[in-house]
Amino acid sequence: MATISDTFNQYFNQLDRLDLELLIAHTLKKPREFVISHPDYTMTKKQETITKHLISRRLKHEPMAYILGQKEFYGLNFKVNKNTLIPRPETEILVESVISNLQLVIGENKKYTTIIDLGTGSGNIIISIAKEIIKSKLPITNYQLLASDISAKALRVAKQNARLNKVDKKIKFLKSDLLNVFLKNKECSVLCAPCSVIITANLPYLSKKIYKSTMPDVKNYEPKSALLSSTDGLKHYKKLLEQIKKIQNKCSMFHVMCYLEISPEQKPKIQKIIKSILPKSKITFHKDLAKRWRVCQIEL
Ligand SMILES: C[S@@+](CC[C@H](N)C(=O)[O-])C[C@H]1O[C@@H](n2cnc3c(N)ncnc32)[C@H](O)[C@@H]1O
């Protein structure tokens, strides 16, 4: 039977050391520190078989997050599976941008605020915002949190994540193609009330060309419907902006702030699209930690 160090020796030139440590830790149901500090631990036959199976999945480029069934985002744990995009660290900047503005929108203006996360996927954005609101000492009682996705399977995971992170009572999940559900008469009242609306959206935004160049980990495993958008990756955002214009035409009190995650090269194109659809809007861009344009903030 193999020890932990035998397994390292067998695979060290094929797999990343950290990945190996995490896969063994996952099999043994022990923390990574245990794996590091017990090289002579002998695995049972069953543990050896499971570890080999996990390693073979990783060798075929399956992302670690899918193998482990979870991913950390904004200091929280999120369950993920093949129906949800794996939360990316660059999306944390979108959450940060929203949080830094909440003080102003909810705290100072003291307006009833509705936050809607579109294309919620695993629910990482809205759940992180919910946790931050609870953690902050903002006197926020008058707000509601909504999250939607076109994929029922992704929504199922998002709801599980809300439960895991103890915010399931705070967030309402809806199945919708962008804002369609809110454009229906009954739901439109949510947006037309005299309140501030914040829309967060990390929608599919990869152009065909960029999608084709992604690593096998992405292309062969993550849902294409979560990544690819036509019209240079901007079809979803263009449709969303047109829906916002429609709501604005219906409701004079509609005040919205949008935070859209983009691909850095899309900055000039999206700016042009926004100006053509919503000419009176104020547009600001935020960079991610790699100093690349990542979030487009639109105020109406
Ligand atoms: C890039 S993923 C983002 C997931 C998650 N918000 C995150 O930050 O990791 C895009 C999500 O948008 C959803 N989606 C795609 N088209 C949509 C549409 N027309 N309306 C609503 N959601 C859509 C996908 O199912 C996917 O969950």
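Every number for a ligand or one of its atoms is a count from 1 in the order of the listing. This structure is a prediction, so every number in the text was calculated from the model and none was measured.
Of the protein's non-hydrogen atoms, Asp149 OD1, 2.7 Å is the one closest to atom 25 (O) of ligand 1. In terms of protein heavy-atom proximity, atom 10 (C) of ligand 1 is nearest to Asn202 O, 3.2 Å. The closest protein non-hydrogen atom to atom 16 (N) of ligand 1 is His236 NE2, 3.4 Å. If you check which protein heavy atom lies closest to atom 22 (N) of ligand 1, you get Ile150 N, 3.3 Å. Distance from atom 2 (S) of ligand 1 to its nearest protein heavy atom, with residue and atom name: Ala226 O, 3.4 Å. Scanning the protein heavy atoms around atom 20 (N) of ligand 1, the nearest turns out to be Leu178 N, 2.9 Å.
Under the 3.5 Å distance criterion, with hydrogens and angles disregarded, no donor-acceptor pair is assigned to the side chains of Glu62 and Asn220. Tyr259 and Asn101 share a donor-acceptor pair across their side chains, judged by distance under 3.5 Å alone.
Between Glu242 and Lys238, at least one side-chain nitrogen of the basic residue sits less than 4.0 Å from a carboxylate oxygen of the acidic one, meeting the salt-bridge criterion. Under a 4.0 Å N-O distance rule, the pair Asp288/Arg294 qualifies as a salt bridge. A salt bridge is absent between Asp149 and Lys175: the closest approach of a Lys/Arg side-chain nitrogen to an acidic carboxylate oxygen does not fall below 4.0 angstrom. A salt bridge links Arg17 with Glu21: the closest approach of a Lys/Arg side-chain nitrogen to an acidic carboxylate oxygen falls below 4.0 angstrom. Using a cutoff of 4.0 Å between basic side-chain nitrogens and carboxylate oxygens, Asp177 and Lys239 are scored as salt-bridged.
Heavy-atom contacts of Thr91 reach the following atoms of ligand 1: 8 (O) (cutoff under 4.0 Å). Close approach to Gly119 involves these atoms of ligand 1, each under 4.0 Å from a residue heavy atom: 3 (C), 4 (C), 5 (C), 6 (N), 11 (C), 12 (O), 13 (C), 22 (N). Residue contact check: Thr120 has heavy atoms under 4.0 Å from atoms 5 (C), 6 (N) of ligand 1.
In Asp177, the parts holding a heavy atom less than 4.0 Å from any atom of ligand 1 are both the side chain and the backbone. Residue contacts with ligand 1, taken as heavy atom pairs separated by less than 4.0 Å, involve Ile125 solely via side-chain atoms from C-beta onward.
The aromatic rings of Phe78 and Phe73 stand perpendicular to each other, their planes meeting at an angle above 60°, with 30° marking the opposite boundary.
Between Ser148, Ser176, Pro223, it is Ser176 that holds the heavy atom closest to atom 21 (C) of ligand 1.
Here Ile4 contributes atom CD1 and Thr42 contributes atom OG1; the two are 9.0 Å apart, rounded to the nearest 0.5 Å.
The closest approach between any non-hydrogen atom of Pro204 and ligand 1 is below 4.0 Å. In this structure, Asn124 counts as a contact residue of ligand 1, since one of its heavy atoms falls inside 4.0 Å of the ligand.
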